[in-house]
Amino acid sequence: MCGRYSLALPLSLIQQMLADDGVETEDAALDGSSEAHHQTYNFAPGNNGVVCRANASSSGVEIKGKCHFASDNKSPREGSSNLEGRDEVIKYNLQSMKWGILPSWSKQNDAPNRGVINCRDDSLRTTGGMWQSIKARKRCIVVAQGFFEWLNVSGKEKRPYFIKRKDGHLMCFAGLWDSILHQDAGTRTYTYAIITTDSNQQLRFLHHRMPVIFDAGSKEFHQWLYPLQQRWTDDLQSLLKPFQGELDIYPVNRNVGRVGRSSPSFIVPLIQNDDEHGIIHFFPKISDSSTAEKPETPDETRKCESDDEHHLVSSSSRRYLPERTESPKKHEAESCYTPPSKKRRTKPAPQGIQRITDFFGQTQRDK
DNA sequence: CCAGACGTTGTT
DNA sequence: GTCTGG
DNA sequence: CCAGACGTTGTT
DNA sequence: GTCTGG
C-alpha cells in the first residue's frame, strides 16, 4: 500500500510541527545539490519528499564518517570509545529525497522511476536480499500529512480515500533510504522506500496493508532513527506494527487519481449529494484570491488542475503561517494542523536529547 | 566458479 | 495488456 | 499508487 | 553489495 500521499507543506512548517512534537530538526541542504521537496497534495513515486534521518556526533565532532567503516564489517573502529560516551548528541536532519529506493549497487542509475516504493515489514526478518545492508544503517522517517487508498467500488469505479491522524499531527512513516553515486557527474542521488505492514482494524475495510506510522518524538521514533544502532535486531523489527492510534478516513475528490494534479480538495472530505452527479466537496477557504472558486458547484470536482497554489487555511492554523523571514516562497501551504494544547513551543528542549540517552543508555554496536 | 537476482502492489 | 509519467 | 498512452504521415 | 542456483 501507500503509493500516494499528501505533502503540501513548506519545510518551515514541517520543522515547526516536528518541533512541537519535541523533535528539533536541521535542514540538511547538504552541498545544495538536493532540490527542494515537491510540495503537493498529490505526492507520487518519483517525487522528492521530505525525509528525516539522524546523525550522531560527540563533543561537536561528527562521527558519521567513521560510522561508514562499519560497512567493512570487520572494522576494528566500530565501537571506538567516543561512541560510548554519554555526551553523544543525536542530530535530526530533514533532507529531500526521491521516492523509490535504488540500492547503491543498482545498475539503473539512469532509470528515472524504477525504484521500489515500499518495503514489506516481514521481508526485513530474513537475511539477504536487497534490504539487508540498508536496514542496518539507513533507516529514516518519511514525513506526510496523510496518505491515499483507493476503494474498488463494484469492480468498476475507484474511489480515493484520504487517511490521516485524528490528532492532526504529521504522519511519520518508517522508511529506508539509500544513495547512488553517479561516477561521471560525481553527483549522488538519494532515494527512499516506505515500510508497510498489515492494516489496523480501522483501515481494514479499505486495504490490507498500511505504512508503519510512528508518533513524532516517541520512543519508537527515536529508536528507529538511532544512528549508533547499525545492526538489525528484534527490537527494531518489533517497531514495525500497525498503527495503534486513531485515524480519520474519508473519501476525497476523485481527481487525486489523476497524476500531476494537486488540490486541497484531495485531503478534505467529499460531501455526497443525492443527485448522482452532484458530488461536491467541502471547501473551507482558499488562500489564493485569483480564481473565483465556487465551492458549492458540482463543477468544482473538475476544477482542480494546476492548483498547487490553492491552499487550505483554517483560522485555527493561522498561527502556523510560516514566518516569511528567509523563505519568501510564493505559495506556501498551510494546514489543518492544530498546535499542541499546551503552549507554543518554547525552547529546543534539551530534554529531547536527554530522553534519547534514557532510551539508549546502553550503546549498542555492530557485531 | 560465474551469472543473475535482489521488490511491492493487486488481481485472478 | 503493459509500460510510463507524475 | 492511478491515469493515460500505446502511432505515422505530411504539412506548417 | 551479497546471496542463490546451476
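Everything quoted here is computed from the prediction, not taken from an experiment. Chain letters run A, B, ... following the sequence lines, proteins first and then strands; every chain starts at 1.
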Between [M] and [N], how far apart are the [atom1] atoms? Round to whole Å, please.
{"N": "dG1(C)", "M": "dG7(B)", "atom1": "P", "answer": "27 Å"}
{"N": "dG4(B)", "M": "dG10(D)", "atom1": "C1'", "answer": "47 Å"}
{"N": "dC1(D)", "M": "dT9(B)", "atom1": "C1'", "answer": "9 Å"}
{"N": "dC2(D)", "M": "dT8(B)", "atom1": "C1'", "answer": "15 Å"}

OP1 or OP2 of [N] sitting under 4.0 Å from any side-chain N/O of [X]?
{"X": "Arg258(A)", "N": "dG5(C)", "value": "no"}
{"X": "Arg209(A)", "N": "dG10(B)", "value": "no"}
{"X": "His207(A)", "N": "dC1(D)", "value": "no"}
{"X": "Trp131(A)", "N": "dT8(B)", "value": "yes"}
{"X": "His208(A)", "N": "dG10(B)", "value": "yes"}
{"X": "Thr196(A)", "N": "dT9(B)", "value": "yes"}
{"X": "Ser133(A)", "N": "dT2(E)", "value": "no"}

Query raised in the report: Do other residues, nucleotides or ligands put more than 12 heavy atoms under 6.0 Å from the CZ atom of Arg204(A)?
Result: yes
Query raised in the report: Shortest non-hydrogen contact from Pro103(A) to Asp178(A)?
Result: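 So the two residues come closest at CA-OD2, 3.4 Å.
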Any donor and acceptor pair, going by atom type alone, linking the side chain of [X] with main-chain N or O of [Y] inside 3.5 Å?
{"X": "Asp167(A)", "Y": "His169(A)", "answer": "yes"}
{"X": "Asp235(A)", "Y": "Ser238(A)", "answer": "no"}
{"X": "Glu26(A)", "Y": "Lys91(A)", "answer": "no"}

[X], nearest nucleotide to its side chain (from [options]):
{"X": "Asn47(A)", "options": "dG6(C), dG10(B), dG7(B)", "value": "dG6(C)"}
{"X": "Pro45(A)", "options": "dC1(D), dT11(B), dT8(B)", "value": "dC1(D)"}
{"X": "Ser123(A)", "options": "dG7(B), dG1(E), dC2(D)", "value": "dG7(B)"}
{"X": "Arg120(A)", "options": "dT9(B), dC6(B), dC2(D)", "value": "dT9(B)"}

Query raised in the report: How is Ser104(A) classified with respect to the nucleic acid when contacts are heavy atoms under 4.0 Å: base, sugar-phosphate, or nothing?
Result: nothing
Quickly work out the [X] [atom1] to [N] [atom2] distance and round it to whole Å.
{"X": "Gln132(A)", "N": "dG1(E)", "atom1": "CD", "atom2": "P", "result": "13 Å"}
{"X": "Asp122(A)", "N": "dT9(B)", "atom1": "CG", "atom2": "C1'", "result": "13 Å"}
{"X": "Tyr5(A)", "N": "dG6(C)", "atom1": "OH", "atom2": "C1'", "result": "13 Å"}
{"X": "Met130(A)", "N": "dC6(B)", "atom1": "CE", "atom2": "P", "result": "11 Å"}
{"X": "Lys158(A)", "N": "dG10(B)", "atom1": "NZ", "atom2": "P", "result": "10 Å"}
{"X": "Asn152(A)", "N": "dT12(B)", "atom1": "CG", "atom2": "C1'", "result": "13 Å"}
{"X": "Arg114(A)", "N": "dT4(C)", "atom1": "CZ", "atom2": "P", "result": "5 Å"}
{"X": "Asp178(A)", "N": "dC6(B)", "atom1": "CG", "atom2": "C1'", "result": "13 Å"}

Query raised in the report: Does the side-chain ring of Trp105(A) lie flat on the base of dC6(B), meaning centres under 5.5 Å and planes less than 30 degrees apart?
Result: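 According to the criterion (under 5.5 Å, under 30°), yes, Trp105(A) stacks.
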Parallel, tilted or perpendicular: which fits the ring planes of [X] and [Y], with parallel below 30° and perpendicular above 60°?
{"X": "Tyr5(A)", "Y": "Trp99(A)", "result": "tilted"}
{"X": "Phe147(A)", "Y": "Phe173(A)", "result": "perpendicular"}
{"X": "Trp224(A)", "Y": "Trp232(A)", "result": "perpendicular"}

Report summary line: DNA chain B in dot-bracket form (Watson-Crick or G-U pairs under 3.5 Å, [ ] crossing, | inter-strand) is ||||||......
Requested in this report: Begin from the C-alpha positions of His222(A) and Tyr92(A) and carry the test ring pair (Phe, Tyr, Trp, His ring centres under 6.0 Å) through to its verdict.
Outcome: CA-CA 10 Å; His222(A) 290 294; Tyr92(A) 296 93; 5.5 Å; yes
